[in-house]
Amino acid sequence: MSAPGAALRAVRLRVTGVVQGVGFRPFTHRLALAHHLAGWVRNESGAVEIGLEGADGDLEAFLAAFRGQAPPLARIESLEQEPAEPAGLEGFTILASREEPAGHLPVPPDVAMCPACELELRDPASRRYRYPFITCTDCGPRFTVIDALPYDRERTTMRAFQQCPACLAEYHAPGDRRHHSETNSCPACGPTLWFEPSSDRRDRTVGAAGLDRAVRLLEAGGILAIRGFGGFHLACDATSRVAVRELRRRKHREAKPFAVMVGSVEAAAELAELTGGDAALLASRERPIVLLPVRPGSPVATEVAPGLAMLGLLLPATPLHQLLLDDLRRPLVMTSGNLSEEPIAIGNDEARTRLGGIADAFLLHDREILSRADDSVIRTGPGGTVMIRRARGFAPVPLRLPVRSPAPILAVGPHLKSTFTLAHGEAAFVSPHLGDLESLESLEHFRGMREVYRRLFHVEPEVVAHDLHPGYLSTRIAMEAGIARQVGVQHHHAHVAAVMAEHGVTTPVLGVAYDGTGYGDDGAVWGAELLQADLTGYRRLAHFRYIPLPGGDLAARRLWRILLGYAAIQPAARPYFDIVFDRVDPAELAIAERQLAAGVNCPKASSMGRLFDAAAAILGLREVAEYEGQAAMELEALAGFRPAAEYPVIIHEDGTGGWEIDPLPLLTRLALRRLKGYDIADLAADFHASIAWVTAEVLRRAVAATGIRTVVLSGGTFQNARLLLSLRRRMEERGLRTLVPRQLPPGDGAISYGQAAVAAARLLH
């Protein structure tokens with residue numbers, strides 16, 4: 001193919017990263033032909049291999065363009081090149097894939113419909129006009145339909161659909177964007193869409209007419225179950241208070257906020273305050289739920305996100321959802337297809353059984369889903385983006401470990417907001433968000449996803465890392481895994497290590513870990529800690545004062561119990577909190593008081609989550625929380641970003657060279673000022689400012705004592721944008737390097753990754 005007389009040169013390339021399922025072979029084919037090169041490309045389980053030969057200048061031009069022109073979904077991690085003997089090849093060929101059991105190739109995530117497919121979807125002249133399963137090499141399902149690697153159609157759930165002649169012609173045409181698109185299909189040969197009422201599955205309406213019935217149901221205030229990429233959504237009209245209330249009643253989700261799907265960025269701007277960055281994030285190929293400030297006068301029912309100033313918005317990720325929004329022309333509640341605390345449903349029969357009591361009807365299809373994937377959630381704000389839940393669009397793309405593990409690791413993660421991590425070498429494959437491990441269904445979901453990861457990434461763990469809490473279901477999973485080598489990792493050390501690992505830091509840091517619950521070295525509940533840490537270990541430098549929690553975990557729901565615990569350690573504070581206790585049932589209050597007196601089920605706790613709950617109760621936001629974090633979210637919404645005063649928080653020497661922080665004066669002053677009629681929004685802002693001040697002050701002392709000038713902020717409390725921004729500013733004003741989580745949540749969704757990083761570091765020592 002080179003010019004006559006040109007000297008031939010041959011090379012072999014081996015490419016690793018996200019290079020399968022992203023149109024990499026067709027891209028290589030086109031680029032080789034454009035540079036007059038002969039050769040071949042093929043998928044392997046662990047890489048893409050390429051053989052090239054041609055004139056030296058053409059090869060150099062190919063290599064110069066290779067990285068910069070790669071497909072949009074590709075991510076090249078390594079490119080190895082070695083010389084080869086020219087064989088006089090003619091043309092360029094895509095060879096059959098070769099499976100290598102030892103390969104550890106990343107799998108691309110599901111991504112939203114690309115602009116080219118969206119144009120076809122809306123073009124009446126296209127044979128895929130309004131086709132709800134339109135895809136190409138640049139978009140569509142990947143992780144949720146892949147059964148094994150190498151990535152070929154026969155190893156996906158699309159093997160059930162034989163391509164028609166027109167689709168096959170595209171599949172084999174090098175210049176077509178559907179060249180080797182393994183999910184390629186059209187109305188003549190692809191999956192089938194249908195509508196069926198919950199009351200009678202025989203009353204089935206197929207295709208466009210079925211979509212019309214779904215639209216009419218939603219317009220009438222009904223609840224629809226929709227089968228998407230990674231599972232089912234439950235949808236209803238987001239502007240109908242009656243419909244939203246009924247969905248809450250049926251789903252047993254009394255107050256936790258719902259997400260809302262809109263058809264365009266312009267529609268999102270009518271409901272929330274958007275910046276340019278917010279618009280780009282909404283429209284990104286990952287299509288996450290983005291938490292945004294509610295626009296005054298928004299038509300969305302107040303029951304969608306009661307008591308909150310933020311609204312979770314997302315744009316359609318699938319062509320089916322896009323068609324539904326286009327036809328309905330109103331925002332839709334779009335929440336996970338499950339009962340509260342259960343895994344999302346993925347199969348048609350499973351959904352009929354589990355969601356039949358919630359949905360009035362189903363919008364179904366026959367493209368099977370192999371792996372569940374919930375929606376990802378991201379918060380934006382002045383402090384930058386914060387990942388709240390990492391799932392569809394991001395998982396299972398691997399993260400890197402800052403040290404290379406000498407043995408494969410399974411890190412089983414926490415009890416709540418569960419994830420696990422499989423690690424091999426420097427690659428850490430973090431699972432999507434799996435929910436809370438509180439039911440048999442969630443345990444089966446955990447085990448099923450772990451098997452999917454083991455099969456896809458060929459990682460057979462020789463070490464298992466786990467939380468220290470003996471009662472966590474994840475700890476029991478680790479004990480029963482049949483893996484002899486076990487590494488226990490303290491919960492808050494894992495929080496700090498996750499942020500260190502994300503930023504590639506292996507040197508000591510000062511780690512602030514603020515959350516609700518973590519099992520401490522002393523058997524108490526930790527959750528408001530300052531640690532001096534590296535990846536192998538830590539020393540606790542400071543913590544907030546312990547209080548007894550009457551009723552244990554019940555105190556996270558009955559917030560007045562937390563104040564009763566504070567009053568128990570300093571009875572003189574009791575009158576300040578009567579403003580709360582006066583609203584509590586006297587019989588229940590008496591039971592909690594007897595628990596404290598007898599020391600029965602009153603674990604000691606140092607918890608920032610419970611401290612926020614206590615402040616919310618003092619300010620009258622609520623005495624009872626319907627879901628974890630509700631009071632703290634409402635407290636943040638009330639505070640906004642208004643100016644604030646800093647109240648005294650006492651710092652004691654603890655006798656071990658560290659400090660104990662006593663927030664009781666802060667709480668009593670809040671109560672006193674509320675009794676005097678101060679604006680509770682100002683008091684909420686003052687509380688935030690006081691926590692930021694005392695944290696910065698303890699860090700100042702720790703920097704002076706240790707000389708460490710890198711600070712890590714971690715734990716679920718740092719989902720709070722005001723607290724995160726305020727503390728970061730204080731650290732940066734002092735010239736301290738401040739690391740915050742970006743690729744993973746600050747909360748428990750990052751724990752398994754932190755466990756894997758700690759285990760890898762300890763294995764090397």
Side-chain angles (χ1 to χ4, degrees), residues 110 143-144 198 223-236 244-259 261 289 304 312 314 333-364 368-377 388-392 395 412-420 431-453 471-474 476-477 553 556-557 625-630 745 747-749 751-752:
D110 293 8
F143 170 61
T144 56
S198 298
I223 297 170
L224 180 69
I226 308 165
R227 195 181 198 193
F229 272 170
F232 278 80
H233 284 113
L234 290 165
C236 73
V244 177
R245 286 173 181 165
E246 183 61 15
L247 177 56
R248 287 199 176 280
R249 185 188 71 80
R250 296 185 193 178
K251 189 174 164 68
H252 306 304
R253 184 166 168 165
E254 297 177 4
K256 197 172 184 179
F258 286 136
M261 182 178 284
I289 298 170
V304 168
L314 74 160
V333 165
M334 200 66 67
T335 187
S336 301
N338 57 4
L339 283 170
S340 292
E341 312 307 332
E342 287 186 357
I344 187 173
I346 58 173
N348 289 340
D349 287 340
E350 175 193 8
R352 292 180 182 113
T353 300
R354 291 175 51 198
L355 306 181
I358 305 175
D360 296 304
F362 294 88
L363 195 56
L364 303 175
E368 294 305 321
I369 300 169
L370 291 177
S371 300
R372 303 173 204 268
D374 221 324
D375 297 313
S376 294
V377 183
I388 305 298
R389 185 170 75 193
R390 183 179 185 265
R392 179 185 51 75
V412 295
H415 183 70
L416 301 178
K417 300 176 179 63
S418 170
T419 65
F420 65 82
S431 76
H433 166 81
L434 301 175
D436 298 344
L437 291 178
E438 296 195 327
S439 67
L440 178 61
E441 292 82 3
S442 62
L443 176 59
E444 291 174 346
H445 178 26
F446 182 102
R447 288 172 171 162
M449 186 63 73
R450 185 182 63 188
E451 174 58 24
V452 168
Y453 266 49
Y472 277 5
L473 192 54
S474 60
R476 286 171 49 195
I477 291 170
D553 289 344
R557 295 289 186 265
E626 303 294 343
Y627 59 90
E628 184 194 17
Q630 180 182 19
D748 282 6
I751 288 288
S752 68

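All values below were derived from every heavy atom in this structure, side-chain atoms included, with hydrogens, water molecules and symmetry-related copies excluded.
No side-chain donor from either of Ser371 and Thr144 sits under 3.5 Å from a side-chain acceptor of the other. Judged by distance alone, the side chains of Ser336 and Asp374 do bring a donor and an acceptor atom under 3.5 Å apart. Side-chain contact, Thr335 with Arg253: a donor N or O sits under 3.5 Å from an acceptor N or O. A donor-acceptor pair shorter than 3.5 Å can be found between the side chains of His233 and Asp375.
Partners of Ser439 according to the side-chain contact (heavy atoms from CB on, under 4.5 Å) rule, which considers only residues two or more places apart in sequence or in another chain, are Glu441, Ser442. Annotation: side-chain hydrogen bond (donor to acceptor under 3.5 Å, both in side chains) contacts of Glu350 (sequence neighbours excluded): Arg354, Arg372.
Tyr472 and His415 have parallel rings, their planes meeting at less than 30° on a 0 to 90° scale where 60° marks the start of perpendicular.
Closest non-hydrogen pair, Leu363 versus Leu224, comes out as N-CD1, 3.9 Å. Among all heavy-atom pairs drawn from Glu626 and Gln630, the shortest one is N-OE1, 2.6 Å. Between Pro257 and Tyr627, the closest heavy-atom pair is CD-OH, 3.4 Å. Residues Ile369 and Gly231 approach most closely at CD1-N, 3.5 Å, considering heavy atoms. Across all non-hydrogen atoms, the minimal contact from Asn338 to Leu355 is N-CD2, 3.7 Å.
With hydrogens and angles ignored, the 3.5 Å screen pairs a side-chain donor or acceptor of Ser474 with a backbone N or O of Pro414. With hydrogens and angles disregarded, a donor-acceptor distance shorter than 3.5 Å links the side chain of Ser198 to the backbone of Asp360. Side-chain atoms of Asp436 come within 3.5 Å of backbone N or O of Lys417 as a donor-acceptor pair. Not one N or O on the side chain of Arg227 forms a donor-acceptor pair closer than 3.5 Å with the backbone of Leu364. Here the side chain of Asp110 pairs a donor or acceptor atom with the backbone of Phe143 at under 3.5 angstrom. No donor-acceptor pair closer than 3.5 Å links the side chain of Thr419 to the backbone N or O of Pro432.
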Full working for side-chain contact (heavy atoms from CB on, under 4.5 Å) between Glu438 and Leu473: CA-CA 8 Å; Glu438 296 195 327; Leu473 192 54; over 6 Å; no
Working for side-chain contact (heavy atoms from CB on, under 4.5 Å), residues Leu247 and Ile358: CA-CA 7 Å; Leu247 177 56; Ile358 305 175; 4.0 Å; yes
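Here His445 contributes atom NE2 and Leu437 contributes atom CG; the two are 9.5 Å apart, rounded to the nearest 0.5 Å.
No more than 12 heavy atoms of other residues, nucleotides or ligands shown are found within 6.0 angstrom of CD on Glu254.
Under the 6.0 Å cut-off for aromatic ring centres, Tyr453 and Phe420 qualify, their centroids lying closer than that.
Contact of the Cys236 side chain with the Val244 side chain is registered, since non-hydrogen atoms from C-beta on lie closer than 4.5 Å. Contact check for Leu234 versus Met334: no side-chain heavy atoms found under the 4.5 Å cut-off. Arg557 has its side chain within reach of Glu628: a pair of non-hydrogen atoms, C-beta onward, lies under 4.5 Å apart. For the pair Phe258/Arg248, a side-chain contact is recorded, criterion being any heavy-atom separation below 4.5 Å from C-beta on. Here the side chains of Pro745 and Ile388 are not in contact, with every heavy-atom distance at 4.5 Å or above. No side-chain heavy atom of Phe232 sits less than 4.5 Å from a side-chain heavy atom of Ile346.
With respect to Arg447 and Glu451, no salt bridge is recorded, no charged nitrogen being found less than 4.0 Å from a carboxylate O. For the pair Lys251 and Glu342, the salt-bridge criterion is not met [side-chain N within less than 4.0 Å of a carboxylate O].
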